There are 2 protein chains.
Amino acid sequence: MLDIVPEIDTSEALTERQKAVLDAALRLLVEEGDQLTMTAVARRASCSKETLYKWFGDRDGLLTATVQWQASKVRVAQVDGKGLDLVSLIASLERFASDWLKVISSDTSIALNRVAVSHAGSGKDNLGAVVLENGRFALAKRLKPLLEAGRQAGLLDFADAETAFRTFFGLVARDVQIRLLLGDRLELTDAAIGGDAARATQQFLALFKSNNRPQGL
Amino acid sequence: MLDIVPEIDTSEALTERQKAVLDAALRLLVEEGDQLTMTAVARRASCSKETLYKWFGDRDGLLTATVQWQASKVRVAQVDGKGLDLVSLIASLERFASDWLKVISSDTSIALNRVAVSHAGSGKDNLGAVVLENGRFALAKRLKPLLEAGRQAGLLDFADAETAFRTFFGLVARDVQIRLLLGDRLELTDAAIGGDAARATQQFLALFKSNNRPQGL
DNA sequence: GCCGAACCGTAACGTACGGTACGGCTTGCC
DNA sequence: GGCAAGCCGTACCGTACGTTACGGTTCGGC
């Protein structure tokens, strides 16, 4: 019913060495934030700056490649809507919620979103688009089929899958991401994440379960 | 029932000239993003860099003062819980939701949040704390009394005001803020904001309206 | 073994920008 | 008028960092 599915590899033709360099850049980004310098990346990756410039063009190119490299590694649960019943729907929704909370509260995601937000402020918003595409929009692409399957199975009732998804998103994420991005300490234990995922799922079902749908919505 | 209430002025002893300088810095921040330079601020404000440094210490001080200056200008609806009935509760919630959506989708808020997020990544998260305190936490401080009043009046049913607030927050904001911060075009007309505010309020009530059962005082 | 390509390490260059110094101008006060 | 304080405009300094250049080294192909 719910399974991790490897996706088409969007990382176009990266050598192992290049991947190692991007991993180093990524670690540096997580550790030191946006002020990672070309020199630091070169030192950490044990490569020359000349190589960095040859491979990635300039600092922006390196940053973009790094973000894409990490993004290509993010995998969210994928579901198969066959034979859906309420129990498995709930389980899948909780899994989605839990996965998403884990992602957005991870150091890597925070660092990447920070640099993308900074970047969006100044000039081309390349990074922001990449992060969105591999984060929020990827999640939507995975979740919507489940919602549609739930509707087909008569378990859910909604007019628009996009709207339903956004409500689910809001119920799950609430203020977590913005608080983390703004530096608020907000430790999310696995237990807390599990509880939040269950709560969000219940609330979502209370709003969109077909037989139980509140009148006048 | 719902009114704009001026708050204690947290902007400690700023001269008119200083306010004008901060306004200039703010405009520059909105227009040009985080790469606003001391030179640019001085030119825009028609003052000397020396004055900037004397007044605000250093670049961080200027940034902090600017953020606080704008924060001191943000006013969110304040409510009076007396004589609360369902109609006025709904109106107040919608007003809160609408105000909040307008705030987070404003150019100023986006610019401020961007610079605060960038800043949180590198070093002291001063700005992040200020933005949170005057944004999300200020909203909570205003909204919770209304929720409590709703509970007292037997209209709402929840265990914890904080949890109820965060759910409301999630239903209202959903993915709007992170998408805007990441540079996603997402035009929010006044009509759309009004619709979203109404939807979020309805959903919130569906989750937290007490079951016709008069709540034991 | 030889050649060229790729790459490492590092030095050097150019520039942008934070921060400082200083001369001149205005303003308020005696 | 004269003085002092505050401020403007600008030139200047130091440094950090992106970017380039280059000599030395490794390595695959012949």
Side-chain angles (χ1 to χ4, degrees), chain A residues 12-67 69 111 114-116 118-124 126-127, chain B residues 12-67 69 111 114-116 118-124 126-127:
Chain A
E12 78 283 355
L14 288 175
T15 69
E16 291 307 313
R17 182 77 181 103
Q18 286 171 330
K19 291 180 189 173
V21 169
L22 292 181
D23 273 328
L26 193 58
R27 256 178 293 130
L28 218 48
L29 204 63
V30 172
E31 291 170 19
E32 308 199 359
D34 196 7
Q35 91 282 17
L36 97 161
T37 68
M38 300 299 278
T39 303
V41 172
R43 190 168 43 231
R44 174 68 74 100
S46 295
C47 74
S48 72
K49 292 211 275 180
E50 186 182 21
T51 302
L52 291 183
Y53 283 99
K54 176 147 64 160
W55 284 349
F56 305 108
D58 56 4
R59 186 172 184 275
D60 253 31
L62 174 60
L63 233 45
T64 304
T66 304
V67 170
W69 167 234
R114 283 216 181 111
V115 63
S118 312
H119 207 264
S122 33
K124 11 182 211 119
N126 208 348
L127 295 187
Chain B
E12 77 282 355
L14 288 175
T15 69
E16 290 307 313
R17 183 78 181 102
Q18 287 171 330
K19 291 179 188 174
V21 170
L22 292 181
D23 273 328
L26 194 57
R27 257 178 293 131
L28 217 50
L29 204 62
V30 172
E31 290 171 20
E32 308 199 1
D34 196 7
Q35 92 283 18
L36 95 163
T37 68
M38 300 300 278
T39 304
V41 173
R43 190 168 42 231
R44 174 68 73 101
S46 295
C47 73
S48 70
K49 291 210 286 179
E50 186 182 22
T51 302
L52 292 183
Y53 283 101
K54 175 147 61 161
W55 284 349
F56 305 108
D58 57 5
R59 187 172 184 274
D60 254 31
L62 173 62
L63 233 45
T64 304
T66 304
V67 170
W69 167 235
R114 283 216 180 111
V115 62
S118 312
H119 207 264
S122 34
K124 6 183 217 112
N126 208 348
L127 296 186

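A quick note: this is a predicted structure, and the numbers were derived from the prediction, not measured. Values below: all heavy atoms of this structure, side chains included; hydrogens, waters and symmetry mates excluded. Here is the naming used below: chain letters follow the sequence lines, and residue numbers restart at 1 for every chain.
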Any sub-3.5 Å donor-acceptor pair from B/Glu32's side-chain atoms to B/Leu29's backbone N or O?
no
Here the distance between atom C1' of D/dT19 and atom CG of A/Asp60, to the nearest Å, is 14 Å
Separation of D/dT19 P from A/Asp58 CG (nearest whole Å):
5 Å
A/Tyr53 atom OH is separated from D/dT19 atom C1', nearest whole Å, by 5 Å
How long is the line joining CG of A/Leu62 and C1' of D/dT19, in whole Å?
13 Å
Residue set satisfying side chain to side chain donor-acceptor pair (under 3.5 Å) with A/Ser48, at least two apart, ordered chain then number -> A/Thr51
Separation of atom CZ in B/Arg43 from atom P in C/dG18, rounded to whole Å
12 Å
Can you list the residues that meet the side chain to side chain donor-acceptor pair (under 3.5 Å) rule with A/Thr64, with sequence neighbours excluded?
none
Nucleotides 5-16 of chain D: protein proximity per nucleotide (B base, S sugar-phosphate only, - neither; heavy atom, under 4.0 Å)
--SBB-------
Tell me, please, which residues at least two apart from A/Asp58 pass side chain to side chain donor-acceptor pair (under 3.5 Å).
none
Mind checking what makes side chain to side chain donor-acceptor pair (under 3.5 Å) contact with B/Glu31, not counting sequence neighbours?
B/Arg44
Measure the distance from CG on A/Leu52 to P on C/dG9 and round it to the nearest whole Å.
11 Å
For B/Ala20, give me all partners under side chain to side chain contact (heavy atoms under 4.5 Å, CB included), at least two apart in sequence or on another chain.
B/Arg17
